[in-house]
There are 2 protein chains.
Amino acid sequence: MFAEIDTAPRSSPTQFRDLPERAATWKPQTQVSCSDCRLRELCLPRGLSDGPLEAFSAAVFAHRRLRSGQALFRAGEAFDSVYLVRSGFVKTLVLLEDGREQVTGLQMRGDMLGMDGLASGRHVSDVIAVDNTEICVVPYERLETLSQQAREVQRHLHRMFAKEIVREQRMMLLLGSMNAEERVSAFLLNLSERLTARGYSPSHFVLRLTREDIGSLLGMKLETVSRIFSKFQKAGLIEVDGKQVRIVSINGLSGILNR
Amino acid sequence: MFAEIDTAPRSSPTQFRDLPERAATWKPQTQVSCSDCRLRELCLPRGLSDGPLEAFSAAVFAHRRLRSGQALFRAGEAFDSVYLVRSGFVKTLVLLEDGREQVTGLQMRGDMLGMDGLASGRHVSDVIAVDNTEICVVPYERLETLSQQAREVQRHLHRMFAKEIVREQRMMLLLGSMNAEERVSAFLLNLSERLTARGYSPSHFVLRLTREDIGSLLGMKLETVSRIFSKFQKAGLIEVDGKQVRIVSINGLSGILNR
DNA sequence: CGCGAGCTTGATGCCGATCAATGCATGTGG
DNA sequence: CCACATGCATTGATCGGCATCAAGCTCGCG
């Protein structure tokens with residue numbers, strides 16, 4: 001039904017993600033310099049001068065490759081690094097003592113992870129790859145040092161923190177005051193925006209999450225997610241086929257939000 | 001029904017909050033040094049050595065006094081400072097384009113505010129006093145400088161950021177996967193904990209928020225909040241009289257959460 | 001005194017949860 | 001290669017928790 005739009009136009013490792021014979025060759029890789037990383041414009045302060053850039057590059061200690069399903073870290077583990085998604089997709093989960101868990105985010109290229117661990121020295125969330133994923137590891141100590149040497153790095157870091165705070169505030173608003181249709185539509189529009197910013201098609205993409213994970217993220221049951229997808233499809237707003245989604249009417253979707 | 005437990009044991013400005021004739025004298029105050037601020041152990045890095053301490057003290061540019069109902073800042077205003085609650089209580093609201101708003105937090109002594117503005121240079125939330133409140137104003141530029149000079153200050157700042165991220169994650173979990181009774185009980189227990197940490201009674205306190213604000217914070221309607229308070233009272237878990245609350249059975253309340 | 005803001009409580013209705021059946025794709029072991 | 005299990009998604013039927021609508025109360029205040 002849908003053409004393959006699953007490939008990352010500017011990020012080579014992901015373009016093989018659906019080919020099992022390539023996935024089988026998925027292995028840790030040697031280190032890469034930040035200077036020629038295509039992620040640079042997302043991950044680094046804009047216009048970072050050469051000195052700080054190289055310093056930042058040195059701060060990226062290592063890269064980790066995760067296969068879909070593998071964990072980057074889990075709640076309870078000691079915090080020592082923050083992470084940047086270089087390619088692929090991960091989900092973040094927070095856990096309640098009684099076993100209940102909730103997806104709190106879907107992160108993609110350029111998104112920062114793991115800052116939660118700074119509060120107590122231990123992570124309070126799980127981060128799980130939902131696609132073959134490449135991660136830049138930035139030891140916190142190095143980031144601290146670098147941040148003290150270069151004010152622009154410090155400011156960039158603060159901005160990353162602040163963005164996460166704002167994102168979570170928006171999620172609280174979604175969870176606290178939107179109905180199910182509004183949540184799903186906000187989710188799809190947000191996904192579209194972020195994928196567009198990363199060079200993907202604005203209208204045609206692959207949900208990395210199952211209906212259950214989407215439901216968890218949006219505070220509803222998987223059946224409800226499924227029903228609303230079907231309803232939107234009948235209304236001519238989207239086309240859905242499993243995880244493949246095409247947004248037919250952005251305006252229609254936005255209309256649901258501002259109603 | 002309840003004795004007056006409304007006074008702040010270690011924070012002088014608030015102990016007059018319910019006396020209107022004192023409230024009428026509420027006016028901007030001269031500057032105070034951080035070194036003899038009673039908030040010090042909450043707001044400053046523990047064991048901060050003398051040099052950085054004085055630097056930090058100098059970073060607190062001014063103090064602002066707000067009467068109940070006044071705004072510290074509003075969404076859309078330019079960001080230039082972060083704030084610390086020195087005494088009193090404020091609520092934070094985020095707004096949707098269509099006018100919907102949601103309370104996202106209740107902040108009290110030692111809590112930091114305004115970091116959201118760092119993301120875009122403009123605040124995206126309103127902060128409104130829900131009691132006569134005293135605020136320490138810390139210009140961001142100064143904080144940046146100080147943070148570069150003293151690693152312990154930087155680390156403390158990062159930890160404040162991270163705590164806010166973790167707090168918001170917990171709120172997402174509450175909003176996404178708890179029913180109404182669990183939310184109210186989590187709210188009361190959290191309030192009790194935080195007030196205890198500040199030297200108030202763990203069992204006997206004053207809700208600063210209206211039923212409507214509590215409902216907004218917890219993602220439910222004010223009538224539901226009211227009903228659940230009544231239900232908890234009948235069950236012998238709490239005693240409520242307007243904004244006065246006494247927790248009769250902490251275990252009973254916790255039991256609702258882990259059920 | 002009357003008025004409005006905030007709170008409580010009841011009656012009713014709806015949205016989304018729950019329970020359940022089915023289909024489909026993938027993987028696995030006989 | 002088939003039988004079977006497992007994970008994920010869709011759809012229907014029913015139920016219940018919370019929203020909604022409404023009435024009445026208290027309290028502080030102009």
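The chains referred to below are lettered A, B, ... by the order of the sequence lines, with proteins before strands, and numbering in each begins at 1.
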Given [N], is OP1 or OP2 found less than 4.0 Å from the side-chain N or O atoms of [X]?
X      : N     : result
A:K243 : D:dA9 : yes
B:S230 : C:dT9 : yes
A:R211 : D:dC8 : no

Looking only at atom types and distance, does a side-chain atom of [X] sit under 3.5 Å from a main-chain N or O of [Y], one as donor and one as acceptor?
X      : Y      : value
B:R64  : B:L72  : yes
B:S185 : B:I256 : no
A:Q70  : A:R67  : yes

In whole angstrom, what separates [X]'s [atom1] from [N]'s [atom2]?
X      : N      : atom1 : atom2 : result
B:L218 : D:dC18 : CG    : P     : 12 Å
A:D241 : D:dT10 : CG    : C1'   : 12 Å
B:F232 : C:dT8  : CZ    : C1'   : 16 Å
A:L222 : D:dT10 : CG    : P     : 10 Å
B:R183 : D:dG17 : CZ    : P     : 14 Å
B:K234 : C:dT8  : NZ    : P     : 11 Å
B:D213 : C:dC7  : CG    : C1'   : 14 Å

Classify the ring geometry of B:H123 against B:F79: parallel below 30°, tilted from 30° to 60°, perpendicular beyond 60°.
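Ring orientation of B:H123 relative to B:F79: perpendicular.
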Verify the distance criterion only: is there a donor paired with an acceptor across the side chains of A:Q107 and A:T92 at less than 3.5 Å?
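A:T92 and A:Q107 do have a side-chain donor-acceptor pair below 3.5 Å.
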Are a donor atom and an acceptor atom from the side chains of A:S68 and A:D131 found within less than 3.5 Å of each other?
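Distance-only check fails for A:S68 and A:D131.
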Contacts table for residues 212-220 of chain A: side-chain donor-acceptor under 3.5 angstrom, sequence neighbours left out:
residue, atom, partner, partner atom, Å
A:D213, OD1, A:K91, NZ, 3.4
A:D213, OD2, A:K91, NZ, 2.8
A:S216, OG, A:V103, N, 2.8

What are the two closest non-hydrogen atoms of B:E181 and B:F232, and how far apart are they?
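For B:E181 and B:F232, the tightest heavy-atom pair comes out as O-CZ, 3.6 Å.
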Quick check: do B:F73 and B:I128 have side-chain heavy atoms less than 4.5 Å from each other?
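No, side chains not in contact.
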Using rotation axes that map the C1' atoms of four end pairs onto the next four (five pairs an end), what angle separates the end axes of the helix from C:dC1-D:dG30 to C:dG30-D:dC1, to 10°?
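Computed from the C1' atoms at both ends, the axes differ by 30°.
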Base, backbone or nothing for each nucleotide of nucleotides 15-21 of chain C, written B, S, -, heavy atoms under 4.0 angstrom, 5' to 3'?
-SSBB--
